[in-house]
Asker: 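Handing you this structure, nothing more for now.
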Amino acid sequence: MKMLKRITPLLLVLTLGLSSYAEDTPMEKEMSAMNKAYKALKKSVEDPAKKDENLKLIADIKKTTETSSKMEPKTTADQPAAGKAAYLEKYKAQMDAFAKEVSALEAAVTAGNTAAAKASFDKLNDLKKKGHEDFKKD
Ligand code: HEM
């Protein structure tokens with residue numbers, strides 16, 4: 001009985017933990033991966049000596065961008081039926097603009113152009129903010 005009392009809170013924590021993990025949408029998982037690469041890149045993007053690491057992080061961002069752009073934000077479900085197609089088109093357009101800037105960043109890092117790399121990185125930050133304002137609910 002004592003054992004059961006001890007183990008119950010543990011089970012509760014595990015269940016809650018697992019269920020909140022299970023609630024992550026596929027896009028949230030992609031975004032979390034993107035966030036990890038993006039944060040790491042922030043520290044090294046202006047360091048030409050870290051070119052290889054930076055290109056690897058950019059490749060990770062590229063991959064998650066491609067996957068995310070084929071997904072639908074969960075806020076799509078809150079849109080009126082008549083506006084859904086336009087909402088998704090707008091989302092896709094912003095994701096495409098983001099992908100384009102990721103390619104510009106890749107080119108700048110490849111060329112060792114630190115100033116252009118920083119400018120692209122900052123643009124990505126603006127596009128991220130806009131994307132979250134328009135499509136993410138919090
Ligand atoms: C550097 C770029 C970006 C980073 C680091 C980033 C990061 C994140 C993070 C950390 C989350 C929350 C994940 C979670 O709750 O577990 C998220 C969610 C989300 N992001 Fe981004 N994001 C970026 C760019 C974008 C762009 C460009 C768009 C849209 C054009 C976008 C749309 C969304 C949406 C819609 C969600 C909610 C997920 C859902 O609806 O299922 N993000 N993002």
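Quantities reported herein were computed from a predicted structural model and do not represent experimental measurements. Remember, it's 1-based here, ligands and their atoms both numbered in the order they're listed. The analysis underlying the following values was restricted to heavy atoms, covering all of them including side chains, and did not include hydrogens, waters or symmetry mates.
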Asker: What atoms of ligand 1 come within less than 4.0 Å of a heavy atom belonging to Lys74?
Answerer: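 Taking each heavy atom of Lys74 in turn, ligand 1 has 39 (C), 40 (O), 41 (O) under 4.0 Å.
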Asker: Given that the side chain starts at C-beta and the backbone is N, CA, C, O, which of these parts of Thr25 lies under 4.0 Å from ligand 1, counting heavy atoms, or is it both or neither?
Answerer: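 Near ligand 1, Thr25 shows its side chain, while the N, CA, C and O stay back.
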Asker: Counting heavy atoms only, which of Lys137, Lys136, Lys129 comes nearest to atom 36 (C) of ligand 1?
Answerer: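 Comparing heavy atoms across Lys137, Lys136, Lys129, the nearest one to atom 36 (C) of ligand 1 lies in Lys136.
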Asker: If we set the cut-off at 4.0 Å for heavy atoms, which region of His132 has an atom near ligand 1: side chain, backbone, both, or neither?
Answerer: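 It is the side chain that gets close, since no backbone atom is under 4.0 Å.
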Asker: Are Ile61 and Leu105 close enough that some pair of their side-chain heavy atoms sits under 4.5 Å apart?
Answerer: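 Result no, sub-4.5 Å side-chain heavy-atom pair not found.
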Asker: Enter the distance from Glu28:CD to Lys74:NZ here, rounded to the nearest 0.5 Å.
Answerer: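 That separation rounds to 3.5 Å.
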Asker: State whether Met27 contributes an N/O/S atom found under 2.8 Å from atom 21 (Fe) of ligand 1.
Answerer: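 It does not: Met27 brings no N, O or S atom closer than 2.8 Å to atom 21 (Fe) of ligand 1.
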Asker: Would you call Lys130 and Asp126 a salt bridge, taking side-chain N to carboxylate O under 4.0 Å as the test?
Answerer: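 The answer is no: the pair does not qualify as a salt bridge.
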Asker: How are the rings of Tyr38 and Phe121 set to each other: parallel, tilted or perpendicular (split at 30° and 60°)?
Answerer: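 Because their plane-to-plane angle is under 30°, the rings of Tyr38 and Phe121 count as parallel.
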Asker: Any carboxylate oxygen within less than 4.0 angstrom of a Lys/Arg side-chain nitrogen, looking at Asp52 and Lys56?
Answerer: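 No, Asp52 and Lys56 are not salt-bridged.
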Asker: Mark up the atoms of ligand 1 that fall under 4.0 Å of a heavy atom belonging to Met95, in ascending order.
Answerer: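 Selected atoms, number and element: 26 (C), 28 (C), 29 (C).
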Asker: In terms of atom number and element, which parts of ligand 1 are under 4.0 angstrom from non-hydrogen atoms of Phe135?
Answerer: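 Under 4.0 Å from Phe135, ligand 1 has these atoms: 35 (C).
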Asker: For Thr75, is there any backbone N or O sitting under 3.5 Å from a side-chain donor or acceptor partner on Gln79?
Answerer: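 Checked: pair present.
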Asker: Should one rank Glu133, Met31, Met34, Lys128 by closest heavy-atom distance to atom 31 (C) of ligand 1, which comes out on top?
Answerer: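 Looking at heavy atoms only, the winner is Met31.
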Asker: What heavy-atom pair brings Met27 and Pro73 nearest, and what distance separates the two atoms?
Answerer: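 The answer is CE-N, 3.4 Å.
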Asker: Out of Tyr91, Phe98, Tyr38, who is nearest to atom 2 (C) of ligand 1 when you count heavy atoms only?
Answerer: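 Heavy atom nearest to atom 2 (C) of ligand 1 belongs to Phe98.
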Asker: Show the atoms of ligand 1 that are less than 4.0 angstrom away from any heavy atom in Ser32.
Answerer: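 Listed by number with element: 13 (C), 16 (O).
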Asker: Counting from 1, what ligand 1 atoms have a heavy atom of Pro73 closer than 4.0 Å?
Answerer: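 Counting atoms of ligand 1 from 1, those under 4.0 Å from Pro73 are 35 (C), 40 (O).
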Asker: I'd like to check which ligand 1 atoms, numbered from 1 as shown, lie under 4.0 Å from a non-hydrogen atom of Gly131.
Answerer: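 Those qualifying, in numeric order: 28 (C), 29 (C), 30 (C).
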Asker: Is Lys100 paired with Asp96 through a side-chain N to carboxylate O contact shorter than 4.0 Å?
Answerer: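 Salt bridge between Asp96 and Lys100, a charged N being under 4.0 Å from a carboxylate O: no.
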Asker: When Val102 is tested against each of Lys62, Glu66, Lys123, Met34 for side chain to side chain contact (heavy atoms under 4.5 Å, CB included), which residue passes?
Answerer: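 So the option named by the test is Lys62.
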Asker: Give the residue, atom name and distance (to 0.1 Å) of the protein heavy atom nearest atom 5 (C) of ligand 1.
Answerer: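 Looking only at protein heavy atoms, the one closest to atom 5 (C) of ligand 1 is Asn35 OD1, 3.3 Å.
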